[in-house]
Amino acid sequence: MDYQGFNAYEKSIIKASTGSYTVFMAKEADGDYLVVIGENPGLEGEKLPGEVTKAPLNHRNAETLRKLFPFTAPSRVLGKERSFGLGDRLGIATPGHAELFEKYDAYPVFAQQSIRELNLTNRTYEDVLDAASFAVFREGFKKSWGADGDHLKTAKDVEYALSLGFTMITLDCSEHIKNDVTDENAPALPQQYADKYLGENFDIGEGLRLSFDETELRRIVAIYEKAILFAVDIYKQFFADGKYQADFEISIDETLTPTSPLQHFFVARELIDAGVVFATLAPRFCGEFQKGVDYVGDLVQFEKEINAHAIIVRYFSATHFKYKLSIHSGSDKFAVFPLVSKATKSIFHVKTAGTNWLEAMRVVAMTDPSLYREVHKYALEAFEEASKYYIVTTDLSKIPSVDNLSDAELPGLFENNDSRQLIHITYGLILNKKNSDGAFSFKDKLYKLWRDHDGEYIQALKKHIGRHLDLLGVKGS
Ligand code: ZN
């Protein structure tokens with residue numbers, strides 16, 4: 001809308017209660033910026049005639065904005081019954097997410113990025129957080145939202161995210177989980193565990209009873225002991241003394257084998273007994289949670305196991321402190337969402353990431369067919385390299401050639417699982433591809449397109465993520 005001669009985002013306009021200034025976000029051809037009319041409350045920028053300041057969207061101004069308007073700063077949301085992680089690799093998805101979560105009874109984690117994703121997109125945690133804060137300001141989003149330092153593996157990375165004000169840490173314990181332990185090669189069982197667990201029939205409630213036999217316990221201790229020690233150590237360094245106010249998620253999902261309910265019980269019990277307070281625990285569920293496509297596996301088995309996991313969560317939540325199940329790689333897992341909702345009694349954290357990127361690429365296919373074809377062809381070349389980092393079963397032969405598809409047929413590629421995975425996993429290579437002159441082959445063109453088609457991207461995200469929330473049984477208005 002036109003506001004005092006600027007192309008303002010209407011929902012961003014804030015008049016200070018003192019009446020001394022008005023601040024809003026405005027759009028110009030070359031980018032967005034903040035405008036202050038009246039007495040500048042501390043944003044750095046260019047002074048224009050008539051007590052007007054034009055302030056760029058940089059890190060300093062993001063920090064000032066978070067102080068001036070606390071709704072633009074993240075807060076802890078894992079304690080809410082329903083929370084939802086939304087990795088925004090491109091830094092442009094939050095306006096669509098914000099419009100959606102205004103209407104749903106769930107709390108978003110707008111900023112959620114792993115170190116690997118930062119590296120692949122040449123971003124920093126400062127960028128990730130600032131992009132979310134600016135978008136929240138632009139949309140006038142007043143509900144609580146979180147920022148997740150996702151899948152962090154070292155104390156250094158944890159400290160980096162916490163020091164910037166991230167409100168959630170997902171500790172990835174996978175490098176300390178010994179997957180290759182078998183009944184045969186597991187070391188002897190330490191006596192302390194035998195005393196604690198053997199010969200007991202744990203009554204978890206709701207008809208669930210758990211007991212360990214010696215072989216199984218020996219194996220579980222060997223698999224998880226180091227991971228538990230690692231989590232305890234991180235907790236003591238950063239959380240125990242209240243140094244940082246953030247939620248702690250324990251992630252044991254990036255392993256080769258599913259986390260059995262018995263293993264979940266053991267890990268939670270040991271963490272609790274070591275004094276660790278955590279907000280969420282992410283087990284690896286049975287079946288396959290491949291990137292960008294629906295669940296692959298036995299739904300009956302999945303339901304049985306998630307029920308047991310949820311009962312264990314309720315048991316410890318009643319006896320110690322509340323925590324929730326966290327479901328990772330939740331993008332597009334439509335078949336399991338009703339089961340997740342039912343088993344957890346609608347108390348969960350679900351993470352999605354790459355699907356927001358796929359929706360951005362769907363917009364490219366819809367609005368610039370020739371650019372889409374170029375990117376798609378490059379993705380086919382880059383697939384082999386990208387597939388080293390992901391577990392996918394993509395069959396490239398099932399993807400129709402983009403030269404044989406009409407322009408109108410291109411968006412249909414995003415209904416094809418193989419094509420989805422192709423684009424899903426090659427994002428880093430696509431964004432980083434350079435021409436011989438050193439210029440980006442696609443990145444700048446893509447960002448310009450997404451900027452020009454902001455409205456289409458918002459609609460695509462609302463529809464796609466909205467489908468996730470609907471199937472999870474989240475109430476919308
Ligand atoms: Zn994970």
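All heavy atoms count here, side chains included; hydrogens, waters and symmetry mates do not. Whatever order the structure lists them in is the order used to number ligands and atoms, beginning at 1.
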Side-chain donor-acceptor contact under 3.5 Å, Asn356 with His464
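No donor-acceptor contact under 3.5 Å links the two side chains.
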Tell me if the CD atom of Glu384 is crowded by more than 12 foreign heavy atoms within 6.0 Å.
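No, because the 6.0 Å sphere around CD of Glu384 holds 12 heavy atoms or fewer from other groups.
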Scan residues 73-92 for pairs that pass ring-ring contact (aromatic ring centres under 6.0 Å, His included), counting only residues two or more places apart or in two chains.
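Sorted result for residues 73-92: Phe84-Phe101.
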Using 2.8 Å as the threshold, say whether any N, O or S atom from Asp253 sits that close to the Zn ion (ligand 1).
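For Asp253, the answer is yes, given that an N, O or S atom comes within less than 2.8 Å of the Zn ion (ligand 1).
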Output the atom name for the N/O/S atom of His151 with the smallest distance to the Zn ion (ligand 1).
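Going through the N, O and S atoms of His151 one by one, NE2 ends up nearest to the Zn ion (ligand 1).
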Could you check which N/O/S atom of His328 is closest to the Zn ion (ligand 1)?
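Nearest to the Zn ion (ligand 1) within His328's N, O and S set: ND1.
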Results of side chain to side chain donor-acceptor pair (under 3.5 Å) for Arg76 - residues two or more places apart only
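So Arg76 forms a side chain to side chain donor-acceptor pair (under 3.5 Å) with Gln245, Asp247.
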